[in-house]
Structure formats: structure tokens, C-alpha cells
*Asks:* 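Attaching a single structure in C-alpha cells format; questions to follow.
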Amino acid sequence: MKNSKKYVKQYFAPQGVTMDWTKKTCIEKPPVWCSVDLRDGNQALIIPMSLDEKLEFFNLLCKIGFKEIEVGFPAASETEYEFCRALIERNLIPDDVTIQVLTQSREHIIAKTFEALKGAKRAIVHLYNSTSVAQREQVFRRSKQEIIDIAVTGAKLCKEYREKAEGKISFEYSPESFTGTEPEFAAEICNAVLDIWQPTADDKAIINLPVTVENSMPHVYANQVEYMCKNLKNRENVVISLHPHNDRGCAVADSEMGLLAGGDRIEGTLFGNGERTGNVDIVTLALNMYSQGVDPQLDFTDLPSITEVYERVTRMKVGERQPYSGQLVFAAFSGSHQDAIAKGMKYRVERGTNTWTVPYLPLDPADVGRVYEADVIRINSQSGKGGIGYILETQFKLVLPPKMREQFGYHVKSISDHEHRELSANEVHDIFTRDFVNLTEKLNVLEAGYDDVSAENVKGRLVIEYDGKATTVEVEGNGRLDCVSRAIKQVTGKDYVLENYVEHALEEKSTSKAASYICVVADGKPYWGVGIHTDIMTSSVRALVSAVNRML
């Protein structure tokens, strides 16, 4: 690419930071979460949500556990205003939830904003103006002092209107395009606003530090956050909020490092919806914490239902590989991955442990409403014997012997490869039943009677059908199954060695069916067959007949 030289750094690395936050290895407590789905997310939709859709989404956010929800920019349009009024007038805001509204630093907009909040028990008024070099020089063409004056004027107006307002109103200020602003100037303008608001322990102010456009690596943003934490007045009475966008694909990293560097609060959206590449994905951020042993205080235990509502009301799609929420994020197609997961699951059962250390799965799928059988082991031409065996065992109680598992695995992979598609668990079971269980297409034992001469000698009288012809055979063997095998060899004229025999009950009941697995070897090649019946002897005979039919 030939034009890289036209791009210059549009961020400012702060001086004097110690980067002590890099010594921390994890986030130890959840931040204050603020959803901006209904404002920042909604404005980025091709078709913005209707009033009813917004109300449904608001209820979903409350159910998940958000205590702060930005509901819109009431002065921007009548739709935004009416939504805010509907929440208040219909008494739809839970007592422990605070709504947040956005406003520019202009009196008629601030007046309309406070009008929209009439009757609200609690609300946050979010004031912003842009502060970056690019915005100052190209858009507003104003000096630093003129930009400060805009912020200070808005802060004073907000304070004046709050004195006449009902309910508890808190304040938030954002130096929009913060990451493209000189750190010293960002601190100066925020402190000018704080001088007006004079936050206290009972009336804290929020200073929001948005990554309006992601211009730098995440550690640079974290250093900017550290700088602000050390240079803001009344820091103990200020909540530092982070609002990362995802232009470089690093919004989650920005947020996590920003929290380590002193951030207290996160503004983001479900699944990362937002302008351009989106906002920080709160689902990913929260579940990253959860997977490290920290309760995020948000409920994503039914993530599929949350995804369904989101996709329906926003008309957006959650990507198949989106962390935690995508359809394929827990899916293992690779044979080695499937084998490791299956063994990890078995290890947990054997040890009776609640600790989650299963290979390849950083999070227990069941914790977010996903189903192991449907979501974890997925069968295609890349799958292995471990995954295929895991499906038959966990869903259908069929515990294949290791060597049969290998043979059946190759059989299933061949079918998937030939048909160029994934196979469902039921299809795998159907293939198993069709091609291995109770087979009678060429050979079948129609009748069987036995006389035990001694512990090691049995006489058998069998009626065997082969190629459509029934033959009665009398034989002796060292057991009933040996009698059947000798009779089959006599009728078919085929020789083989009965090499392997395994059986187990399909359920823990006295009346349950038994599954028998038998391998016969002819000309050095193994052939497996399976018999299933309530009588264990009948199931073993059917397994032998099935194996011979596969050989034939």
C-alpha cells in the first residue's frame, strides 16, 4: 500500500504517567455499567427502533441488570423526546434504575432536556462538546479557551436548570473525541466543568472519557485514563467513565486496560452495536470478567434469548464467531479439539469438581444458556472419533468401544465429506443405527435353542436365513454365542475371528435395553456390529449377526 505516509498520529501520549496499572493481572470488581444501546446504538441503526421496540429493549436491559441506561437525546427529535416521556409517564423505570439523557451545551437544548425529565425520580444529564485538535481546527475553528467556554456555559446552565427540577439529577461531562485531545487540555476543560458543579460524596459527577475514534493502541488510552485520574480535581467525588469505540478492533482491550488504570464505569452496548465498527461489547467485557472469577453483576444466563430480542428489534445480526454470543463460539469441529473437550468433560464428572478447566472452552457454555450437545461438539468432515463418540454417549447412552469409535468416526467423516455438510447429532445416531445396529439384510438368526451340557459345552439348534434361504443347523460350542458363530460359519461358508465383545445397559433400570458390540476379523480387516435388545443374549447375537452382515 503506497499511501501510508499521509497518516499521522492523531493521539497524544501523556507525560508523567507511572503505568503502575500494568502490574495488575486482572479486574477484581465490576465497573458501574451504563448501556447506551438506546441512544448511541440506536442512532447507528439503518432503521432506528420504534417506540414499542425501544420499550421492549429497555425492559430487557433492566432484566439483565443495568442500573444506568442512556435512553436518548430528547432534544434531538420528537421520537427521542416521546420515548423519554413514555418511560416516565407510564412508570416503567424501576426504582433502582437511573435513566441518562444526552445534551449539547446550548440553552434551548438543555431546557428541552430537563423538560423531558419532568417527573423522573432519578436521572443523569450528560453534557458534551468536542475537544480534539481535529475538531477544534476543522469543524468549530475555535480556540482552546472558546471550547472551554462552551463547556462551562453548558455546565452552568445544567446547574441552573437542576435547581428547578424534580427528582435527583446527577451530571456527566464528556470531552468528546477525548483521545485526540491533548491530555493537559482535556484535564483543564474537565476541571473547569468540575469547578462549576462542585461534586461531593453525595452528589458525585461523572467525567466520561470517550474513545470517540480509536486512534491508538489500548495501552496509550489507559495511560490517558491514568493521567486524568491523577489530574482531576475532587477525584474522590468523581466517577471516571470509559466509552470506547472499536475502530481498531480494540474496544474491549481499551476498556479492560482503562479500568486497570483507574476507570470506574463503562458505557457500551450489547454485542457492540454503534457507529462505524461499534461501541465496546458489554457482553464480551462482562463475560471476560466472569470467566476470571468476577461476578459482573449482569445476568447473561440466557444469552440466546437476549440475542433473539436484540436481533429482532435492531435488525442487526450477532456474528457467528462473536465472543460468547456467536452461534459457533463453543463449537468444536476439529477432531483433536473434540477429543480434548470430551475428555475434559469426563474428567470433571470423575473428579466431581465445580472448577472449570475444560480444554478449549474458556467458559462453561451452560452458564450462558448454551447446550453442550447442540453447541459444543459439531460434526463434519474435520471431526474425530472423540467428538462423535461423545455425542453418542451423552445424547444416546451408547458407549462405543475405543476401536469401534475410531471405525465409526471415519465412517461418519466420510459421509459428511461426501455430502459437504455438517451432520446433526440425530443424523449421526441415524447413521449408527442404519449401518451398524440389528442388521439382517443378508444374514439373520430366525430361531435359536440351547442345551447346556456343561459349563464349557453347549448344544445349539438354530434356524439361520442366508440370502433368503432358511437352514436348520445343530452345533456344539463353548457357549451360546460360540454356537451361533459356528452355525453362521457353517451356513455362509465364511471364516472369521470373533475378536472383541463389549456390552452395557442403556439405562439404569432392570427392564432397560442392553447394547452389545462385537468385532469380527476376516482377512485382517475388522468389522463391527451392534445389537440392541432387552435380553442381553439376544442383543449379543444381533451384534454378531450385524458384524457378519457388514463383513458380507
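Computation of the quantities below employed the complete heavy-atom set of this structure, encompassing side-chain atoms and omitting hydrogens, waters and symmetry-equivalent molecules.
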*Asks:* Y81 and E115: side-chain donor and acceptor closer than 3.5 Å?
*Replies:* yes

*Asks:* Does a side chain donor of either S424 or N426 reach within less than 3.5 Å of an acceptor in the other side chain?
*Replies:*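 Checked: S424/N426 side chains show no N/O donor-acceptor pair below 3.5 Å.
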
*Asks:* State whether a side-chain donor-acceptor pair under 3.5 Å links Q224 with T179.
*Replies:*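 There is no such pair between these side chains.
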
*Asks:* Between atom CZ of F83 and atom CZ of F57, what is the distance when rounded to the nearest 0.5 Å?
*Replies:* 10.0 Å

*Asks:* Looking at K54 and E82, is any side-chain nitrogen of the basic one under 4.0 Å from a carboxylate oxygen of the acidic one?
*Replies:* no

*Asks:* What distance separates E166 CD from K118 NZ, expressed to the nearest 0.5 Å?
*Replies:* 6.0 Å

*Asks:* Could R39 and E267 be called an ion pair, given the rule that one side-chain N must be under 4.0 Å from one carboxylate O?
*Replies:*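 E267 and R39: not salt-bridged.
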
*Asks:* Do M316 and F271 come within less than 4.5 Å of each other through their side chains, counting heavy atoms only?
*Replies:* no

*Asks:* Quick check against the 3.5 Å criterion: does S416 have a side-chain atom that pairs as donor or acceptor with the backbone of V412?
*Replies:* no

*Asks:* With a 3.5 Å distance limit and no angle check, can you tell me whether D247 reaches the backbone of E214 through a side-chain donor-acceptor pair?
*Replies:* yes

*Asks:* Identify the two heavy atoms, one from A425 and one from F396, that lie closest to each other, and give their separation to 0.1 Å.
*Replies:* O-CE1, 3.7 Å

*Asks:* How close do I266 and P31 get, heavy atom to heavy atom, and via which atoms?
*Replies:* CG1-CG, 3.8 Å

*Asks:* Would you call D96 and K67 a salt bridge, taking side-chain N to carboxylate O under 4.0 Å as the test?
*Replies:* yes

*Asks:* Using a strict threshold of under 4.0 Å (side-chain N to carboxylate O), is an ion pair present between D302 and K63?
*Replies:*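 A salt bridge is absent here (no side-chain N lies under 4.0 Å from a carboxylate O).
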
*Asks:* Does a side-chain N-to-carboxylate-O contact under 4.0 Å join D264 and R235?
*Replies:* yes

*Asks:* Judged by atom type as modelled, is there a donor-acceptor pair below 3.5 Å linking the side chain of S132 to the main-chain atoms of T181?
*Replies:*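 Such a contact is absent between S132 side chain and T181 backbone.
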
*Asks:* For the residue pair E172 and R265, establish whether any side-chain heavy-atom pair is separated by less than 4.5 Å.
*Replies:* yes

*Asks:* Between E427 and R421 (salt bridge meaning N to carboxylate O under 4.0 Å), is one present in this structure?
*Replies:* yes

*Asks:* Please report the shortest heavy-atom distance between C84 and V101, naming the atom on each side.
*Replies:* SG-CG1, 4.2 Å

*Asks:* If only side-chain N and O atoms count, and only distance matters, is there a donor-acceptor pair under 3.5 Å linking D339 with Y390?
*Replies:* no

*Asks:* Would you confirm whether W33, through its side chain, and P296, through its main-chain N or O, come within 3.5 Å as a donor-acceptor pair?
*Replies:* yes

*Asks:* Return the minimal non-hydrogen interatomic distance between H243 and D40, and the atom names on each side.
*Replies:*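 Nearest pair, atom of H243 first, then D40: NE2-OD2, 2.9 Å.
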
*Asks:* Between N246 and T277, is there a side-chain donor-acceptor contact under 3.5 Å, judged purely by atom types and distance?
*Replies:* no

*Asks:* Any side-chain to backbone donor/acceptor pair from N234 onto N237? Under 3.5 Å, distance only.
*Replies:*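 Side chain of N234 to backbone of N237: no pair is present.
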
*Asks:* For F432 and Y517, take the angle between the two ring planes, folded into 0 to 90°, and tell me which bin it lands in: parallel under 30, tilted 30 to 60, perpendicular over 60.
*Replies:*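 Judged by the thresholds at 30° and 60°, the geometry between F432 and Y517 is tilted.
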
*Asks:* Ignoring hydrogens, what is the shortest heavy-atom contact between Q104 and Y128? Give both atom names and the distance.
*Replies:* NE2-OH, 3.1 Å

*Asks:* Mind listing the closest non-hydrogen atom pair of R321 and L328 along with its distance?
*Replies:* NH1-O, 3.1 Å

*Asks:* What I want to check is whether the side chains of S177 and S130 have a donor and an acceptor closer together than 3.5 Å.
*Replies:* yes

